[in-house]
Amino acid sequence: MPDKILVTGATGQIGAELTLALRERYGADRVVAVGHRRELSGELAQTGPCCRVDVRDAAALDATVSGQRITVIYHLAALLSAVAEARPMLAWDINMNGLLNVLESARKHGCQVFFPSSVAAFGPGTPVFDTPQDTVQHPATIYGITKVAGELLCDYYHRRYGVDARGVRYPGLISNRVPPGGGTTDYAVDIFYAAIEQRHYDCFLRADTQLDMMYMPDAIAAAIRLMETDAGRLTHRSGFNVTAMNFTPAQLAAAIRQHLPDFTIDYAIDPLRQAIADSWPRHMDDSAARAEWGWQPRFDLPSMTADMLAHLAARLRRA
Ligand code: NAD
Ligand code: AKB
C-alpha cells in the first residue's frame with residue numbers, strides 16, 4: 001500500500017474522481033489533492049488533505065512532495081488538445097515543465113509516478129485501425145507533441161534514475177461529475193448534457209468521425225491497476241494503449257435515442273477540432289495492456305450510455 005499520494009490536477013475531469021477513488025481505497029488522509037488557481041472546495045476539500053501548487057513552480061512542488069512525505073504522484077495537471085492548440089506556448093510550459101518538475105521531485109524523493117498520455121500521441125503516418133502499441137508517433141498538435149515527449153521523458157527517468165514512472169494512452173473520457181477541460185473528444189460528454197436538458201445537440205465533429213472512448217470508472221480502474229502491478233510484469237511502462245469502445249457522433253446519438261427517442265443532433269463543424277480528430281487513430285490495439293497488467297474495461301457503448309444518462313439526469317436534478 002502506498003504511504004502517501006499526491007494528485008496534481010485534482011479538480012479536473014479525471015482528478016476529481018480519481019482523488020475520491022484513491023481516498024476510498026487507501027484512506028482519505030493519505031491522498032493530497034493539489035489544486036491550482038482556487039482553494040479547493042466541496043467534496044475534495046471535505047474528504048481529505050488539499051493544497052494549491054502551480055506545477056510549473058518546481059520549488060513549491062518539491063516542498064509539497066517532501067513536506068507531505070509523498071511516495072506516489074498521479075500527475076494529471078495539463079492543458080488538453082483544443083485549449084493547447086489555442087495557446088501552444090502555455091501548453092508547452094504547463095505540460096512539459098510541469099512533468100519535468102514532477103519527475104525531478106520523484107527522483108529526489110523516490111516517488112512512483114503516473115503520467116496520463118493520450119491517443120493524441122499518435123498522428124499522421126500512424127496506422128489508424130488497430131493502432132499498434134509500438135508504432136509511428138508523429139503527432140500534428142502541440143498537445144500530442146507534449147504527450148510523446150512526456151512518454152519519452154518518463155522512460156528516460158526510469159532508465160537513467162530508476163524512477164518508477166508508468167502511464168497509459170487514454171482515449172476520450174466520458175464522465176458525469178466534472179465537465180471536460182477543452183479537448184477534442186468533449187462532444188461525447190457535452191452531448192449528454194444537451195440531450196437531457198434540450199433534447200438536441202449541435203456537434204462540432206462530423207457525423208462519421210470514429211474515435212476511441214472510455215467511461216470514467218474504467219479510466220480510474222486502469223490507472224490504479226497499472227500502478228499496483230508488480231514491476232516485473234511490465235515490458236512497456238509509460239504509454240500503454242487502452243480503449244474500451246469506439247464510435248462516431250452518429251452512433252452515439254443513436255445510442256442516446258434508445259433512451260430519449262425525441263433526441264436530435266445537427267452538425268456545426270469546428271475545423272480546428274475536426275482536423276485534430278482526423279489526425280488521431282480510429283481504434284487502438286490495447287493487447288499489451290491486457291497481457292502485461294490485466295487491463296479489461298467494464299463499460300461498452302450501450303452500458304456507458306445508460307449509466308451516463310441515469311447518473312447525469314440525477315445530478316442535474318439535484319443541482
Ligand atoms: P482537465 O482539463 O479536466 O484538468 C486539468 C487540471 O490541471 C485542472 O484541474 C487544472 O486546474 C490543472 N492545471 C492546469 N494548469 C495547471 C498548473 N499550471 N498547475 C497546476 N495545475 C494545473 O483535464 P483531465 O481531463 O482531467 O486530464 C487530466 C490528464 O489526463 C491530462 O494530462 C490529460 O492530457 C490526460 N488525458 C485526458 C483525457 C480526457 O479525455 N479527459 C484523455 C487522454 C489524456
Ligand atoms: C482531448 O480531446 O484533448 C482529450 C484526449 C483524448 O487527450 N480528451
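Side-chain atoms are counted along with the backbone in the values below, which use heavy atoms only and exclude waters and symmetry mates. Just follow the structure's listing: the first ligand is 1, and inside any ligand the first atom is 1.
The atoms of ligand 2 that sit less than 4.0 Å from any heavy atom of Leu80 are 3 (O), 4 (C). Close approach to Val119 involves these atoms of ligand 2, each under 4.0 Å from a residue heavy atom: 6 (C). Below 4.0 Å from some heavy atom of Ser118 lie the following atoms of ligand 1, by number and element: 43 (C), 44 (C). Those atoms of ligand 1 with a heavy atom of Val53 less than 4.0 angstrom away are 19 (N), 20 (C). When each atom of ligand 1 is checked for a heavy atom of Pro171 under 4.0 Å away, the hits are 40 (O), 42 (C), 43 (C). Those atoms of ligand 2 with a heavy atom of Ser118 less than 4.0 angstrom away are 5 (C), 6 (C), 7 (O). Atoms of ligand 1 found under 4.0 Å from any heavy atom of Ala78, numbered from 1 in the order shown, are 5 (C), 7 (O), 31 (C), 32 (O).
At the top of the distance list for atom 8 (C) of ligand 1, counting protein heavy atoms only, stands Thr11 OG1, 4.0 Å. Protein heavy atom in closest approach to atom 12 (C) of ligand 1: Gly9 CA, 4.0 Å. Counting only heavy atoms of the protein, atom 13 (N) of ligand 1 lies nearest to His36 ND1, 3.7 Å. When hydrogens are left out, the protein atom nearest atom 23 (O) of ligand 1 is Leu80 CD1, 3.2 Å; that is the closest non-hydrogen contact. Atom 19 (N) of ligand 1 has its closest protein heavy atom at Val55 N, 3.0 Å. Protein heavy atom closest to atom 3 (O) of ligand 1, with residue, atom name and distance, is Gln13 N, 2.8 Å. In this structure, atom 40 (O) of ligand 1 lies nearest to the protein heavy atom Leu173 N, 2.9 Å. For atom 2 (O) of ligand 2, the closest non-hydrogen atom on the protein side is Thr184 N, 2.6 Å.
Taking the charged nitrogens against the carboxylate oxygens, Arg159 and Asp155 have no contact shorter than 4.0 Å, which rules out a salt bridge. Contact check on Glu292 versus Arg237 returns no salt bridge, with no Lys/Arg side-chain nitrogen under 4.0 Å from an Asp/Glu carboxylate oxygen.
A cation-pi contact links Arg107 to Tyr161, judged by a cut-off of 6.0 Å to the six-membered ring centre and 45° from its axis. Under a cutoff of 6.0 Å and an axis angle of 45°, Arg273 and Phe204 form a cation-pi pair.
On a distance-only criterion, Tyr143 and ligand 2 share at least one N/O pair closer than 3.5 Å. By the 3.5 Å distance cut-off applied to N or O atoms, Ile14 is counted among the residues near ligand 1. Note: no N/O pair closer than 3.5 Å links Gly35 and ligand 1 by distance alone. Some N or O of Thr185 is nearer than 3.5 Å to an N or O of ligand 2, by distance alone. At under 3.5 Å, a nitrogen or oxygen of Gly12, whether backbone or side chain, sits near a nitrogen or oxygen of ligand 1. Residue Gly172 places no N or O, backbone or side chain, under 3.5 Å from any N or O of ligand 1.
A 4.5 Å side-chain heavy-atom check between Leu6 and Val34 finds at least one atom pair inside the cut-off. Between Pro297 and Met214, the closest side-chain pair of non-hydrogen atoms is not below 4.5 Å. Residues Leu316 and Tyr193 meet the side-chain proximity criterion, which asks for heavy atoms closer than 4.5 Å. Considering only heavy atoms from C-beta on, Phe192 stays 4.5 Å or farther from Glu197 through its side chain.
Only backbone heavy atoms of Ser117 (N, CA, C or O) come within less than 4.0 Å of ligand 1; its side chain stays farther off. Counting heavy atoms closer than 4.0 Å to ligand 2, residue Ser81 contributes atoms from both its backbone and its side chain. Under 4.0 Å from ligand 1, not a single heavy atom of Arg169 appears. At a 4.0 Å heavy-atom cut-off, ligand 2 does not touch Ile276 at all.
Remark: distances from the non-hydrogen atoms of Thr8 to ligand 1 are all 4.0 Å or more. The closest approach between a heavy atom of Val119 and any atom of ligand 1 is not below 4.0 Å.
Here atom 33 (C) of ligand 1 lies nearest to Tyr143 when heavy atoms of Tyr74, Tyr170, Tyr143 are compared. The residue among Pro116, Ala188, Gly182, Ala77 with a heavy atom at the shortest distance from atom 7 (O) of ligand 1 is Ala77. Compare His75, Lys147, Met213 by their heavy atoms: the one nearest to atom 32 (O) of ligand 1 is in Lys147. Between the choices Asp54, Leu76, Asp57, the shortest heavy-atom distance to atom 28 (C) of ligand 1 belongs to Leu76.
Between His283 and Asp130, the side chains place a donor N or O and an acceptor N or O closer than 3.5 Å (distance only, hydrogens not considered). Side-chain N/O atoms of Thr47 and Arg23 include a donor and acceptor closer than 3.5 Å. Side-chain contact, His75 with Thr8: a donor N or O sits under 3.5 Å from an acceptor N or O. In summary, the side chains of Ser238 and Glu151 do not present any donor paired with an acceptor at a separation below 3.5 Å, with no hydrogens or angles considered. When only modelled atom types and interatomic distance are considered, Tyr215 and Asp307 share a side-chain donor-acceptor pair under 3.5 Å.
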>> Is there a salt bridge (Lys or Arg N to Asp or Glu O under 4.0 Å) between Arg25 and Glu228? Walk through the geometry before answering.
In response: CA-CA 12 Å; Arg25 190 170 180 85; Glu228 288 184 350; 2.8 Å; yes
> Under the side chain to side chain contact (heavy atoms under 4.5 Å, CB included) criterion, do Arg177 and Leu20 qualify, and how do the steps go?
Replying inline: CA-CA 12 Å; Arg177 195 180 277 264; Leu20 297 179; 3.6 Å; yes
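One N or O on the side chain of Lys147 and one on the backbone of Pro116 form a donor-acceptor pair closer than 3.5 Å. Listed for the Asp218 side chain is a donor-acceptor partner under 3.5 Å among the backbone atoms of Phe299.
Between Tyr74 and Phe114, the ring planes lie tilted relative to each other; the angle falls in the 30° to 60° range.
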